[in-house]
Amino acid sequence: MYVGEQAVNGTATTPADEQTGGPADPAPAGGERTDPAPAGGQSDPESRTSDIVPGPGGVMTDEVGVVTGELTLRTEFAAGQVTLRVQYKDADEWYAVTGGRAPLPDPSGLDAVHTIAVGLLNRPEG
């Protein structure tokens with residue numbers, strides 16, 4: 001899975017504590033949230049969300065090219081696929097991370113995929 005040039009340099013870091021809560025819940029110290037499935041039986045994807053700051057070169061997206069600065073990363077699971085999306089922190093629009101889609105047969109792997117993606121993309125020190 002391609003997640004940007006940041007995967008080449010540096011070492012992965014493990015995010016801090018993870019907390020379960022809804023999209024309106026404030027993020028815990030590690031900037032991570034677990035977004036539950038919506039009420040009413042809708043089939044929206046299960047997801048994990050963390051605030052990140054990518055290193056030089058930012059994150060390449062399908063829709064708008066490179067995005068930089070304070071971002072939110074969302075790792076979604078739906079229909080046997082995992083998809084990475086980013087948005088500018090507190091913005092409304094989400095962008096698909098280029099190459100950030102892969103098969104994931106078991107949704108129990110979502111936490112691990114999200115942790116790895118955060119470790120690769122979060123480079124606040126450059």
Side-chain angles (χ1 to χ4, degrees):
M1 175 183 334
Y2 174 84
V3 290
E5 294 177 10
Q6 296 80 6
V8 175
N9 298 320
T11 58
T13 57
T14 303
D17 299 328
E18 190 163 291
Q19 172 180 335
T20 300
D25 293 340
E32 294 188 23
R33 296 180 297 276
T34 301
D35 300 329
Q42 296 174 352
S43 61
D44 287 345
E46 182 178 351
S47 66
R48 305 292 182 268
T49 308
S50 296
D51 293 330
I52 64 168
V53 177
V59 177
M60 178 63 77
T61 68
D62 294 343
E63 297 85 357
V64 296
V66 175
V67 292
T68 61
E70 293 184 7
L71 305 174
T72 301
L73 172 70
R74 182 171 70 197
T75 306
E76 301 174 348
F77 174 81
Q81 290 277 320
V82 66
T83 304
L84 301 178
R85 299 185 191 282
V86 292
Q87 71 175 174
Y88 290 104
K89 191 171 177 188
D90 300 323
D92 292 330
E93 299 83 17
W94 287 95
Y95 307 113
V97 174
T98 300
R101 178 182 294 260
L104 185 67
D106 187 346
S108 67
L110 182 62
D111 287 330
V113 172
H114 183 72
T115 299
I116 291 167
V118 169
L120 292 171
L121 294 174
N122 189 36
R123 297 281 178 240
E125 302 297 323

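Just so you know, these numbers come straight off a predicted model, no measurement behind them.
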Requested in this report: Give the minimum heavy-atom separation between R48 and L110, together with the two atoms involved.
Outcome: NH1-CD2, 3.5 Å
Query raised in the report: Which atom names give the shortest non-hydrogen contact between L73 and W94, and what distance separates them?
Result: C-CZ3, 4.4 Å
Give every donor-acceptor pair under 3.5 Å between a side-chain atom in residues 60-69 and any protein atom, sequence neighbours left out.
residue: T61; atom: OG1; partner: V64; partner atom: N; Å: 3.2
residue: T61; atom: OG1; partner: G65; partner atom: N; Å: 3.2
residue: T61; atom: OG1; partner: G65; partner atom: O; Å: 2.6
residue: D62; atom: OD1; partner: T98; partner atom: OG1; Å: 2.9
residue: E63; atom: OE1; partner: A96; partner atom: N; Å: 2.8
residue: E63; atom: OE2; partner: A96; partner atom: N; Å: 3.3

Query raised in the report: When rounded to the nearest 0.5 angstrom, what is the spacing between CG in D106 and CZ in F77?
Result: 7.5 Å
Query raised in the report: Where do H114 and S50 come nearest, in terms of heavy atoms and distance?
Result: NE2-OG, 2.8 Å
Query raised in the report: Are E76 and R74 ion-paired here, with the side-chain N under 4.0 Å from a carboxylate O?
Result: yes
**Report entry** Partners meeting side chain to side chain contact (heavy atoms under 4.5 Å, CB included) with E93 (sequence neighbours left out)
**Finding:** A91, Y95
Query - For the student: nearest non-hydrogen atoms of Q87 and D90, plus distance - result: OE1-N, 4.4 Å
Report task. Using the side-chain contact (heavy atoms from CB on, under 4.5 Å) rule, take V59 and L121 through it: C-alpha gap first, then chi angles, then the decisive distance, then the call. Result -> CA-CA 8 Å; V59 177; L121 294 174; 4.0 Å; yes
Query raised in the report: Does G119 offer a backbone N or O that forms a donor-acceptor pair with the side chain of R123 under 3.5 Å?
Result: yes
Query raised in the report: Which one of V113, L120, V118 satisfies the side chain to side chain contact (heavy atoms under 4.5 Å, CB included) criterion with I116?
Result: L120
Report task. Take V82 and R101 through the side-chain contact (heavy atoms from CB on, under 4.5 Å) test and state the conclusion after the steps. Result -> CA-CA 6 Å; V82 66; R101 178 182 294 260; over 6 Å; no
Query raised in the report: P124: what forms a side chain to side chain contact (heavy atoms under 4.5 Å, CB included) with it, not counting sequence neighbours?
Result: V53, N122
